[in-house]
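Notes follow once the structure below has been shown.
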Amino acid sequence: MKKRALTAISLAAVMAFGLVGCGSSAASTSTAASTAASTAAESTADAGAAAVDASDIGDITLIMSSRDQFLSLVEAAATDAAKEMGINLSSQDAQNDVNKQLSFIETAKNAGQKAVIVNMVDPTTTAQCIEAAGDMKVVFVNRLPENLGDLTDSAVCVSSDERQAGTYQGEFLANYFSEQGKTDITYVMLCGVLGLTNTTQRTDFAKSSMADNGLNATPIQADLACEWDRAEAMNQVSTLISSGNVPDAIISNNDEMALGAIEALESAGIALEDRPVVVGIDATADGCAAIKAGTLSMTVFQDPVGQGAGALQACVNLITGAALNEGTSFEVDADTGHILWVPFEPVTADNVADYE
């Protein structure tokens with residue numbers, strides 16, 4: 001994964017406390033992720049970065065909403081970063097249970113920890129998470145709070161701007177169909193968990209971006225809630241096309257659902273040249289392989305290394321009183337001052353080799 005490795009290297013080279021790349025629990029990504037971590041660590045050493053005094057930081061708990069393919073990479077990146085810094089990071093899986101997540105936060109507080117990292121089950125529970133944390137610093141990762149006003153100098157977020165991901169999808173589709181001389185198309189949208197900020201923003205901005213770029217896109221039916229799941233997307237798209245409704249484009253909130261749609265199209269025996277254009281988000285290993293195979297037209301790289309390792313670094317910065325983006329190459333949100341933005345990047349057949 002050249003691009004993932006480069007991201008880790010750029011972070012490591014500028015860190016004041018040291019950083020690493022990602023590891024992965026997914027077999028298809030573990031080798032490349034380990035290489036990124038090793039290379040980043042070497043770059044840190046070459047840069048002469050000072051190691052953080054782990055005794056000043058203490059234990060930190062990372063509380064995941066669940067462990068899908070992408071979130072597992074975020075978790076692994078935070079874990080590897082903690083190892084490099086000599087920090088004891090424990091990880092808990094809330095299994096999409098808000099009450100369980102709040103309980104894990106309270107357990108960390110009662111253990112006297114100074115900070116906790118939270119991948120929220122429900123972005124509407126930001127205030128509850130902060131209240132449960134008490135005097136602890138809180139770093140939300142990946143999922144933005146629904147109410148950004150809940151963030152403070154002691155409760156921040158490390159995430160990517162979901163609006164940007166949807167915008168890249170819309171721009172790609174507008175350009176793609178423009179080259180074919182088409183200004184009117186049909187589409188179906190495959191959504192993640194309804195109500196989540198990332199689902200809403202990826203969906204809304206993909207649609208508005210198509211319109212803003214001159215593409216008149218009409219939904220063939222209501223958006224399909226596929227829960228980020230490949231099998232669910234395959235089932236719902238199979239039902240759709242079996243009724244004779246085959247759109248010009250399938251827009252997916254993530255790669256997993258896009259791959260499920262592709263499997264449905266393959267199972268239906270639709271020839272590649274007759275299939276809808278399929279676009280995803282995340283640039284997972286399977287997503288990039290599908291682009292190389294010509295079945296997925298584009299995806300958007302979301303950086304799990306930047307999010308996971310960046311969240312750990314943000315914890316260190318909050319505890320030590322450093323600037324939120326100290327030791328990273330990321331920008332702080334100009335409006336709130338409490339969000340560390342990890343940028344998205346569009347991936348197509350032209351540049352997919354950079355993301356393997």
Side-chain angles (χ1 to χ4, degrees), residues 1 24 26-30 32 68-70 72-73 165-166 168-170 172-177 179-180 182 185-193 199 202-203 206-207 210 215 217-302 346-356:
M1 297 180 187
S24 173
S28 62
T29 56
S30 59
D68 63 18
Q69 185 183 48
F70 181 82
S72 292
L73 293 175
Y168 281 140
Q169 287 184 316
F172 173 85
L173 290 170
N175 290 334
Y176 177 89
F177 286 109
E179 290 176 357
Q180 296 185 356
K182 295 182 179 179
I185 67 159
T186 59
Y187 74 92
V188 65
M189 180 72 69
L190 308 184
C191 298
V193 177
T199 297
R202 291 181 184 190
T203 298
K207 294 177 181 179
M210 287 189 290
L215 184 61
T218 303
I220 202 167
Q221 70 163 64
D223 297 345
L224 302 178
C226 300
E227 307 288 321
W228 306 115
D229 186 70
R230 185 187 298 201
E232 182 63 25
M234 180 181 179
N235 290 337
Q236 293 208 39
V237 173
S238 293
T239 300
L240 176 70
I241 60 181
S242 67
S243 64
N245 292 321
V246 181
D248 296 308
I250 297 177
I251 309 169
S252 175
N253 285 168
N254 75 345
D255 283 352
E256 281 295 284
M257 295 186 295
L259 293 168
I262 290 168
E263 290 175 9
L265 296 169
E266 290 174 346
S267 295
I270 301 176
L272 184 59
E273 61 271 19
D274 296 326
R275 294 180 193 173
V277 176
V278 183
V279 297
I281 294 172
D282 284 341
T284 61
D286 289 346
C288 289
I291 287 181
K292 291 186 69 175
T295 54
L296 182 67
S297 292
M298 73 88 67
T299 184
V300 184
F301 175 63
Q302 183 178 197
V347 182
T348 67
D350 293 335
N351 65 345
V352 67
D354 292 338
Y355 295 81
E356 294 183 280

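Values reported hereafter were calculated over all heavy atoms of this structure, with side chains retained and with hydrogens, waters and symmetry mates removed.
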**Q.** Flag side-chain contact, heavy atom, 4.5 Å: Val246 against Asp274
**A.** no
(Q) Any non-hydrogen side-chain atom of Pro346 less than 4.5 Å from a side-chain atom of Phe172? (A) no
Q) Taking all non-hydrogen atoms of both residues, which atom of Met234 and which atom of Ser267 are closest, and how far apart? A) CE-OG, 3.5 Å
Q.
Return the CD to CZ distance between Glu256 and Phe70, rounded to the nearest 0.5 Å.
A. 12.5 Å
Q) Are any non-hydrogen side-chain atoms of Thr295 and Arg275 less than 4.5 angstrom apart? A) yes
**Q.** Asp255 side-chain N/O to Ala283 backbone N/O, donor-acceptor pair under 3.5 Å
**A.** yes
Q. Can you tell me how far the CD1 atom of Ile281 sits from the CD1 atom of Ile251, to the nearest 0.5 Å?
A. 10.0 Å
Q) Would you say Asp282's side chain and Thr284's backbone share a donor-acceptor pair under 3.5 angstrom? A) no
Q: Could you tell me which non-hydrogen atom of Thr203 sits nearest to which non-hydrogen atom of Cys191, and how far apart they are?
A: OG1-SG, 3.6 Å
Q | CZ-CE distance between Arg202 and Met189, expressed to the nearest 0.5 angstrom | A | 11.5 Å
Q: Hey, could you give me the CG/CD distance between Leu240 and Gln221, rounded to the nearest 0.5 Å?
A: 5.0 Å
Q: Please assess Phe177 against Val277 for the test side chain to side chain contact (heavy atoms under 4.5 Å, CB included), listing each intermediate value before the final yes or no.
A: CA-CA 10 Å; Phe177 286 109; Val277 176; 4.0 Å; yes
Q) Is there a donor-acceptor pair closer than 3.5 Å between any side-chain N or O of Thr186 and the backbone N or O of Asp248? A) yes
Q. Does Val347 offer a backbone N or O that forms a donor-acceptor pair with the side chain of Thr299 under 3.5 Å?
A. no
Q) If you measure from OH on Tyr187 to OG1 on Thr218, what distance do you get to the nearest 0.5 Å? A) 8.0 Å
Q | Atom of Ser252, atom of Gln169 and distance for their closest heavy-atom approach | A | O-NE2, 2.9 Å
Q) Where the side chain of Thr199 meets the backbone of Val193, is there a donor-acceptor pair that is under 3.5 Å apart? A) yes
Q: Kindly give the heavy-atom pair with the smallest separation between Ala249 and Ile185, and that separation in Å.
A: CB-CD1, 4.3 Å
Q.
Among Val188, Ile250, Val237, Ile241, which residue satisfies the side chain to side chain contact (heavy atoms under 4.5 Å, CB included) criterion with Pro276?
A. Ile250
**Q.** Heavy-atom pair with the smallest gap, counting every atom of Met257 and Leu190
**A.** CE-O, 3.4 Å
Q. Say you draw a straight line from CE of Met298 to CG of Asp350; how long is it, rounded to the nearest 0.5 Å?
A. 11.0 Å
Q. Got a donor-acceptor contact below 3.5 angstrom from the Asn351 side chain to the Asp354 backbone?
A. no
**Q.** For Gly287 against Leu259, the heavy-atom pair lying closest together
**A.** N-CD1, 4.2 Å
**Q.** Check against side chain to side chain contact (heavy atoms under 4.5 Å, CB included), Asp286 and Arg230
**A.** CA-CA 12 Å; Asp286 289 346; Arg230 185 187 298 201; 3.1 Å; yes
